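Remarks on the structure that follows.
The figures that follow rest on heavy atoms only: side chains count, while hydrogens, waters and symmetry mates do not. Note that this is a predicted model, so its numbers are computed, not measured.
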Amino acid sequence: MSAAQELIERGYEVVVLERRAIAGGKARSIPVSDPGSTGGGGHQLQDHGLASLAHHLPGEHGFRFFPGFYRHVVDTMARIPCGDGRSVADHLVPTTRCSITQYDKPPFDFPCIFPSTADDVSAVLRALLESVGPVTELTVDDLAQFGARIWQILTSCRERRLGEYESVGWWQFVGAEGRSPAYQKFLATGITRSLVAAKARTASTRTIGDIFVQLLIPLLEPTGGATDRVLDGPTSLVWIDPWLDYLRSKGVHYIFNAEVKAIEVDAHGISGIVINHNGHQQVVTGDLYLAALPIERIAPMLTPALLKLDPVLSHLQTLSANVEWMNGVQYYLTSELPAPNGHVIHIDTEWALTSISQLPFWPELPADFFGVSNLRTVLSVDISDWKMPGSDGRPAMRCSRQEVVLEAWRQLKRSINHDGVEWLRDGDLHSWFLDADIAADPNNPGYLKNSEPLLVNLVNTWELRPDACTAIPNLFLASDYVRTNTDLATMEGANEAARRAVNGILEASGYTGPRCQIWPLQEPELFRPLRELDAIRYRAGLPWDRQLIDLALPALRQASPLLVQVADQLQALEPYLPPDQEGTSGRSASGAISGLTAPSPSRLPDHRG
C-alpha cells in the first residue's frame, strides 16, 4: 500500500495483488463475530473488502505502536485524507507513561516524553529511585554498567556500529554473563524479548543498540517528541479503510483473494506472476514488478531460473529461518482496568507479554459502537515468546488456541494483581480473541502454526539482506527484510523499503520528477562531535576510545548548567568503560567484546532521496 501510494501519486498505473479479501496485512483490524469465552474459540468474521467494525469487537494481529522515530510511515499517513478534514496522521496520539510489572511486586512507571513539567520531573526521579532497590533488585553498579554500554553506542560512529557491533550479540555487548539476575532480566533480555521478539544472545547489537538510541532521544532532547504514539481508534477504522479509499480514488486497482503462487522468469527478467484468484489459477503480467511478500513466503518461490538472474537473492532462503512469533490476543472486560497511559511490559511473564488498555485512547467512539453495552476495557496483549514453558511446562506453540489465551490470562493476573488487589478478575472477562494467524498445525499434531511470523535481526545477517533494487531489471523488493536505515521488522521499515523500491522503479522507467524521501535514523546532536571523532579513529583502524568521555566532560559542564548533572553521571560511568586499547592492532568493539575480529565494513544504506 505504501508503494502503491507513491507510484499512483506520480501517475503510474498500479495493480495490487492482495492475498486476503481485506487490505492492510498484519496491520488490519479483524472484526470479531464469535469472540471466545472459556468454551469459545475466538473466531473472526469472513474478511471482506472493507472492514466494518461497527457492532463487532475489534481484533488485531497485535497492538499498533508508533515510536517517535517513525518518520517514513507517518509521512505517508499525513498524505491520506480521512474524510473528516483530517489526515490519518492526525489520528496518532501520544502516550505519556510506560510501566513495568513483575510477579509479586508493585509495578513502576516511567515517562515517555522529555520532562517539561513538575509532574514529569517528579515521575523521572521516582522512576530512577524505584529502579534501584527492592522493586527491581537492580543496583547502582548495574545501572552504571549498562549506562556505560549505552554511552559507547551513543558515541560510536555508524561505520563502527555496522562494521563491529553487527557481529556481536546484545547479551555479550552489555556484559550480561556473570551479572545479577536483575541485570539480565531488565537490561539484557527485557528490551529485546518484549519489544522485538528477539533473543539477547543472538540479536545484533547494531540493531538493538540503534533502536534503543531512537527510543531514548525523546527523553534526552526537549524537541524529541513522544517516545510512543498510538491510534485513536481501531487500525482499520482510522487508517486502513481511509487508505484503501484514497488509493482506489486515485486509480489503484486492487485484486483481492489473489494469492501469489509462483514468479515466472525468462532470459530478460520477470515475465509474469502466477496467482490463485478465488480458486482459479491465472498469470498476471506487467512492465515492472514490486514484491512486498514477507520473507517466509518469497523464499520458497526463488527458483533456480530466478536465482540465475540474481544469485544474491539466494540469501533470502537462509534468512527465512530467522523468524520468531509475536502475535496478539485481545481481552474484552466488563470492568475498567486502571492502567498507565501507555504500554506495559510484563517482564516476569514466561511468554514475554506486553499490553495496552486501548479504550482510553479511543474517546470519539460511542459506548455502544462495538455492540457490547457493558464493554469497559479492551486489553490488547502481544505474546512474544512462544517457546518458553508456561505454568504446566508447555510452551505456547504446544497449546490449543484456548489454552494459549487462558495461560496468558493467568500470567497477566499474576503480573497485574498484587498486594491483595484483583485488578483482573475472571468474572469480568466478557470474551477474547486470538489472532487467526495462530492455528492448529495439520502437519504436526499437538503444535500450533503461525502463518505470519516476524523477522528478527541476528548477528552477521546484514550481508545476507538484499537491497530494494535487484539485479533483475524489472524486479524490486519492498519488505522488512530489505536493507534500510530502520533495520527492524516494523511498519516503518516496510514503508522505507517501499520508498527505496519505488525510487528504483522511477529510475528504471526514466521518471524525471521527485523521488521518495528517505530519512536516516536520528542521532542525539549533543554527541555528534564525539561520533565524528570516533569515525576518524575507525577509519584509521583504531578501537572505540574510552577517553572520549574525558573529552566530553568539560564541554558538557561549560555548555549549560543543566548539563552539569549529565557530566557528573558520565563521570560515574568511567570505572565501567572498557580499558584503553590504543595499542591493540586492528579493530575491537569494547572491553566487553575485546578479542573479536571485526569484519570489513559493509556498504551503508543509500540515504539519497
Side-chain angles (χ1 to χ4, degrees), residues 62-63 65 95-112 123-138 142-143 146 180-197 200 215 227-228 230 326-333 335-361 376-386 388-391 396 404-426 428-429 432:
F63 54 67
F65 171 43
T95 66
T96 58
R97 295 286 189 271
C98 295
S99 183
I100 295 179
T101 67
Q102 303 178 81
Y103 285 163
D104 308 318
K105 291 183 179 179
F108 64 96
D109 300 344
F110 50 95
C112 295
V124 170
L125 294 175
R126 185 166 58 252
L128 289 173
L129 290 173
E130 290 177 348
S131 67
V132 181
V135 174
T136 66
E137 298 181 1
L138 288 170
D142 288 331
L143 295 183
F146 189 73
S180 68
Y183 183 92
Q184 294 174 349
K185 177 174 75 171
F186 283 96
L187 303 177
T189 64
I191 298 170
T192 59
R193 194 173 74 130
S194 298
L195 296 183
V196 294
L215 296 175
T227 295
D228 179 13
V230 296
M326 190 174 189
N327 298 66
V329 56
Q330 285 76 50
Y331 296 97
Y332 310 108
L333 310 178
S335 61
E336 291 189 13
L337 176 64
N341 188 48
H343 290 90
V344 182
I345 298 174
H346 305 286
I347 204 161
D348 278 343
T349 52
E350 294 85 344
W351 291 353
L353 307 180
T354 48
S355 70
I356 187 170
S357 181
Q358 295 191 297
L359 285 185
F361 297 99
R376 297 293 179 268
T377 297
V378 176
L379 184 62
S380 191
V381 180
D382 274 354
I383 303 174
S384 299
D385 194 331
W386 292 73
M388 181 67 68
S391 62
V404 168
V405 171
L406 296 181
E407 170 63 14
W409 176 252
R410 184 200 68 80
Q411 294 178 24
L412 284 171
K413 288 193 298 182
R414 185 179 174 192
S415 188
I416 293 175
N417 297 341
H418 61 89
D419 294 336
V421 179
E422 286 191 281
W423 299 114
L424 292 182
R425 298 183 295 268
D426 292 343
D428 296 332
L429 180 57
W432 53 263

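Residues passing the side chain to side chain contact (heavy atoms under 4.5 Å, CB included) test with Asp426, sequence neighbours excluded: Trp409, Lys413. In this structure, the side chain to side chain contact (heavy atoms under 4.5 Å, CB included) partners of Glu407, at least two apart in sequence or on a different chain, are Trp351, Ser391, Arg410, Gln411. Partners of Tyr332 by ring pair (Phe, Tyr, Trp, His ring centres under 6.0 Å), not counting sequence neighbours: none found. Partners of Phe63 according to the ring pair (Phe, Tyr, Trp, His ring centres under 6.0 Å) rule, which considers only residues two or more places apart in sequence or in another chain, are His343. In terms of the side chain to side chain contact (heavy atoms under 4.5 Å, CB included) criterion, residue partners of Pro340 (sequence neighbours excluded) are, by chain and number, Arg97, Ser99, Asp109, Val344.
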Self-check item: side chain to side chain donor-acceptor pair (under 3.5 Å) between Thr377 and Ser357, worked out
Solution: CA-CA 7 Å; Thr377 297; Ser357 181; 4.7 Å; no
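A distance-only check finds a donor-acceptor pair linking the side chain of Asn417 to the backbone of Leu424 [under 3.5 Å]. Of the possible donor and acceptor atoms, none in the side chain of Asn341 sits under 3.5 Å from a partner among the backbone N and O of Thr95. With Thr189 contributing its side chain and Gln184 its backbone, the two residues share a donor-acceptor pair below 3.5 Å.
Ile100 has its side chain within reach of Phe186: a pair of non-hydrogen atoms, C-beta onward, lies under 4.5 Å apart. Within the 4.5 Å cutoff, the side chain of Leu412 has heavy atoms near those of the Tyr331 side chain.
Pairs passing the salt bridge (Lys or Arg N to Asp or Glu O under 4.0 Å) check and including a residue from residues 335-346, sequence neighbours excluded, do not occur.
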